[in-house]
Number of protein chains: 2
Amino acid sequence: MATINDVAAKAGVSTATVSRTLNGKSTVDPVLAARVQAAAAELGYHPNGLARNLRRQETAVLALIISDVENPFFTAIARGVEDIAQTAGYSVVLCNADDNEEKERRYIDVALQERVAGVVLSPTGRATNVDRLTERGTPVVAVDRPLLKNTGDQVLVDTRLAARDATRHLLDGGYRRVACVSGPPGVRTAEDRLAGYTDAVGEANALTRRAEFRAEGGRLAALSLLDEPEPPDALLIGNSTMAIGVLEALASRGLRSGQDVGIVSFDDAPWTTLIDPPLTVVAQPANEVGRVAAELLLARIGDGTRKATTTTLQAKLIVRRSSRRG
Amino acid sequence: MATINDVAAKAGVSTATVSRTLNGKSTVDPVLAARVQAAAAELGYHPNGLARNLRRQETAVLALIISDVENPFFTAIARGVEDIAQTAGYSVVLCNADDNEEKERRYIDVALQERVAGVVLSPTGRATNVDRLTERGTPVVAVDRPLLKNTGDQVLVDTRLAARDATRHLLDGGYRRVACVSGPPGVRTAEDRLAGYTDAVGEANALTRRAEFRAEGGRLAALSLLDEPEPPDALLIGNSTMAIGVLEALASRGLRSGQDVGIVSFDDAPWTTLIDPPLTVVAQPANEVGRVAAELLLARIGDGTRKATTTTLQAKLIVRRSSRRG
DNA sequence: CTGAAAGCGCTAACAT
DNA sequence: ATGTTAGCGCTTTCAG
């Protein structure tokens with residue numbers, strides 16, 4: 001593979017001139033510049049990014065470490081991050097931590113070793129350790145879930161408030177016994193949604209289940225709830241993936257959502273309008289979460305001294321028919 | 001940030017010894033090794049991957065360039081690739097080309113510049129140019145869609161056969177006029193699905209629409225089909241994203257799937273069992289596509305002289321109720 | 001405006 | 001078994 005030396009030799013100039021020409025930093029004699037361009041083209045020269053980055057001590061790539069590539073909420077964040085990064089000339093590489101702390105740590109290591117310019121991260125939870133990144137001076141912004149040690153920028157969604165409002169909406173619709181299916185303990189968003197729910201129904205009336213943020217988790221939780229001596233007549237569900245399982249459980253029991261049990265789920269997945277009745281959801285501004293995160297990250301890359309900010313975005317209840325009787 | 005020199009100094013050894021210790025290549029005196037480990041730990045030393053890769057001329061990261069992060073088919077591929085890569089000690093970075101040739105080219109450049117060990121790619125189509133990668137000796141495997149210049153490994157799904165069978169299934173079920181909503185011209189999978197459909201209905205009876213692989217594309221295509229003088233009574237749909245749009249269109253016209261118009265869609269998305277009636281689908285082995293691709297890539301990284309192979313996996317028709325009357 | 005030369009941090013010969 | 005040293009390919013002073 002052609003190196004800068006080959007180009008320089010072919011063009012009859014120094015490597016410095018090649019570098020200058022190709023990076024357009026300093027001004028070069030048009031004649032030499034043309035020779036360089038020609039030589040580079042002819043040789044099919046592609047600068048070695050590794051060498052360049054090693055020298056410059058920086059990279060134009062952002063790492064985005066998310067907890068689940070198969071969750072539409074996170075892929076929407078990814079799109080948001082990408083849109084912003086692209087326009088600023090950064091590439092973004094997506095790493096799927098799979099809600100697994102071990103994988104997350106590995107990807108943080110990769111980010112560190114590859115010396116990415118910055119990282120956007122949705123922390124898996126409890127043990128996420130971002131210190132190595134910050135020590136090294138790599139900017140980090142947390143999305144969706146806060147870091148334990150609140151240092152650095154974060155962009156979150158006010159999920160507690162949203163959960164409270166969604167629960168109240170159910171209560172206002174005449175449902176009497178609202179239960180909540182939330183994510184696993186230790187995951188902040190799961191805790192918050194539970195807390196918001198409890199805000200609305202009151203400690204004494206809380207009927208809850210915790211499960212993995214997956215369809216199977218939702219299914220099991222719903223089944224167990226329906227087997228209660230005094231089963232719920234409405235459910236608030238932690239995310240759209242769980243909702244799939246919950247809806248399956250309902251169907252298996254011959255229960256109609258809305259009619260028999262009111263349903264509100266977090267996340268406005270594309271299929272939610274397709275089912276009958278259409279699902280009432282709490283739509284989180286996922287794309288915007290990504291955009292804001294990327295902007296924050298870029299700002300911090302530009303100025304390491306900015307002080308940390310926390311942005312909290314609002315979710316929006318979209319009322320459809322699964323939360324209404326008849 | 002601590003470098004190998006700092007560690008060497010602190011441990012009172014040479015950088016070579018530090019390198020040897022940390023990489024476990026050659027054997028080192030346990031006493032010195034311990035000193036090195038201690039020094040590294042104390043300094044919070046993380047090897048600079050850029051420098052290492054520059055020296056070694058290789059990287060333990062794979063790039064996966066896919067056409068759409070928001071399409072469950074591709075994220076399932078991603079999971080497959082990741083699973084295999086992880087166990088082999090490789091990290092994979094996901095790049096979202098967004099079915100956009102410009103972005104795809106940018107990511108190919110990034111892969112090239114960062115000197116990744118290999119790339120798995122679902123080509124956007126027409127103009128995908130992988131030559132720069134192959135010239136440089138970077139192994140590439142194409143998934144889902146073949147490269148124009150058939151060089152290198154590929155793992156595909158026999159989508160034409162699957163489309164033909166799905167169409168026949170509709171015909172066997174008593175539907176008389178089956179139409180096909182497929183993806184944009186130039187995209188191989190779209191062409192193949194159309195061809196398989198035509199195999200089944202015959203050239204003369206083909207009634208088709210081409211659209212973007214998105215919900216909106218599906219919606220418009222379906223509407224236009226329903227406005228035909230002799231509208232179809234069954235539809236074969238190119239992917240699950242389009243299916244969302246098609247189903248919306250049907251609903252807006254008060255048509256029931258199965259009953260009024262038989263439906264089969266490609267891709268077994270999680271929500272397909274939730275709707276009423278449940279959707280008959282052509283399930284593609286996406287996860288396996290990813291796994292096989294990763295294995296092929298790893299094999300080729302290990303042995304650059306292997307000759308190129310094409311693996312074709314079979315899709316499976318899952319019959320549910322959207323393709324049955326009553 | 002251009003070239004020479006000094007590294008960025010690391011690994012791999014080559015010596016010892 | 002350990003240390004010395006020469007680069008990997010590039011950018012960037014520093015001279016000229």
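Letters A, B, ... mirror the listed sequences (proteins, then strands); counts begin at 1.
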| NA contact type, A:Val18, heavy-atom cut-off 4.0 Å: base, sugar-phosphate, or nothing? | nothing
| query | Is any side-chain N or O of A:Thr27 closer than 4.0 Å to OP1 or OP2 of C:dC1? | reply | yes
| Interatomic distance where CZ belongs to A:Arg115 and C1' belongs to D:dT11 [whole Å] | 18 Å
| said: Any base atoms under 4.0 Å from B:Leu50, or only sugar-phosphate, or nothing? Heavy atoms, all strands. | reply: nothing
| query | Toward the 5' end of DNA chain D, which comes first, A:Met1 or A:Ala16, by nearest nucleotide? | reply | A:Met1
| note | Among D:dG9, C:dG9, D:dA1, the one nearest any side-chain atom of B:Ala51 is C:dG9
| Could you give the distance from CG (B:Asp144) to CD1 (B:Ile77), rounded to the nearest 0.5 Å? | 5.5 Å
| request: Tell me what A:Asn53 touches on the nucleic acid: a base, only sugar-phosphate, or nothing, going by heavy atoms under 4.0 Å. | output: nothing
| Between C1' of D:dC8 and CD of B:Glu58, the distance in whole Å | 13 Å
| message | Which nucleotide wins on minimum distance to the side chain of B:Ser14, given the candidates D:dG9, C:dC10, D:dT4? | response | D:dT4
| message | Let me spell it out: for each of B:Asn48 and A:Asp29, pick the nucleotide of DNA chain C with the closest heavy atom. Which residue's pick is nearer the 5' end? | response | A:Asp29
| query | Out of D:dC8, D:dT12, D:dC10, which has the shortest distance to the side chain of A:Thr3? | reply | D:dC10
| task | Mind checking A:Thr17 for me? I need base, sugar-phosphate or nothing, with any heavy atom below 4.0 Å counting as a touch. | result | sugar-phosphate
| query | Does A:Arg20 make a side-chain donor-acceptor contact with the base of C:dG3, cut-off 3.5 Å? | reply | yes
| request: Whole angstrom is fine here: how far is it from CZ in A:Arg56 over to P in C:dA6? | output: 22 Å
| request: Supply the atom-to-atom distance B:Arg115 CZ to B:Glu58 CD, rounded to the nearest 0.5 angstrom. | output: 13.0 Å
| said: Just the rounded figure in Å: distance from P of D:dC8 to CD of B:Gln113. | reply: 20 Å
| request: Considering just the side-chain nitrogens and oxygens of B:Arg52, establish if one lies under 4.0 Å of OP1 or OP2 belonging to C:dT11. | output: yes
| Does atom CZ of B:Arg106 have more than 12 heavy-atom neighbours, drawn from other residues, nucleotides or ligands, at distances under 6.0 Å? | yes
| said: So if I take every side-chain heavy atom of B:Leu32 and compare against D:dT2, C:dT2, C:dA6, which nucleotide ends up nearest? | reply: D:dT2
| From D:dG9, D:dT4, D:dT11, nucleotide with atom closest to A:Leu54 side chain | D:dG9
| field | Rounded distance in Å - CD (A:Gln57) to C1' (C:dG9) | value | 8 Å
| message | Less than 4.0 angstrom from a charged side-chain N to a carboxylate O is my criterion; do B:Glu102 and B:Arg105 meet it? | response | yes
| Do A:Ser122 and A:Ser67 meet the criterion of a side-chain donor-acceptor pair at a distance under 3.5 Å? | yes
| Gap between atoms CG and P, on A:Asp6 and D:dC8 respectively (whole Å) | 11 Å
| query | Phosphate oxygens OP1/OP2 of C:dG9: is one of them under 4.0 Å from a side-chain N or O of B:Asn5? | reply | no
| Quick one: do B:Lys103 and B:Asp109 make a salt bridge, cutoff under 4.0 Å? | no
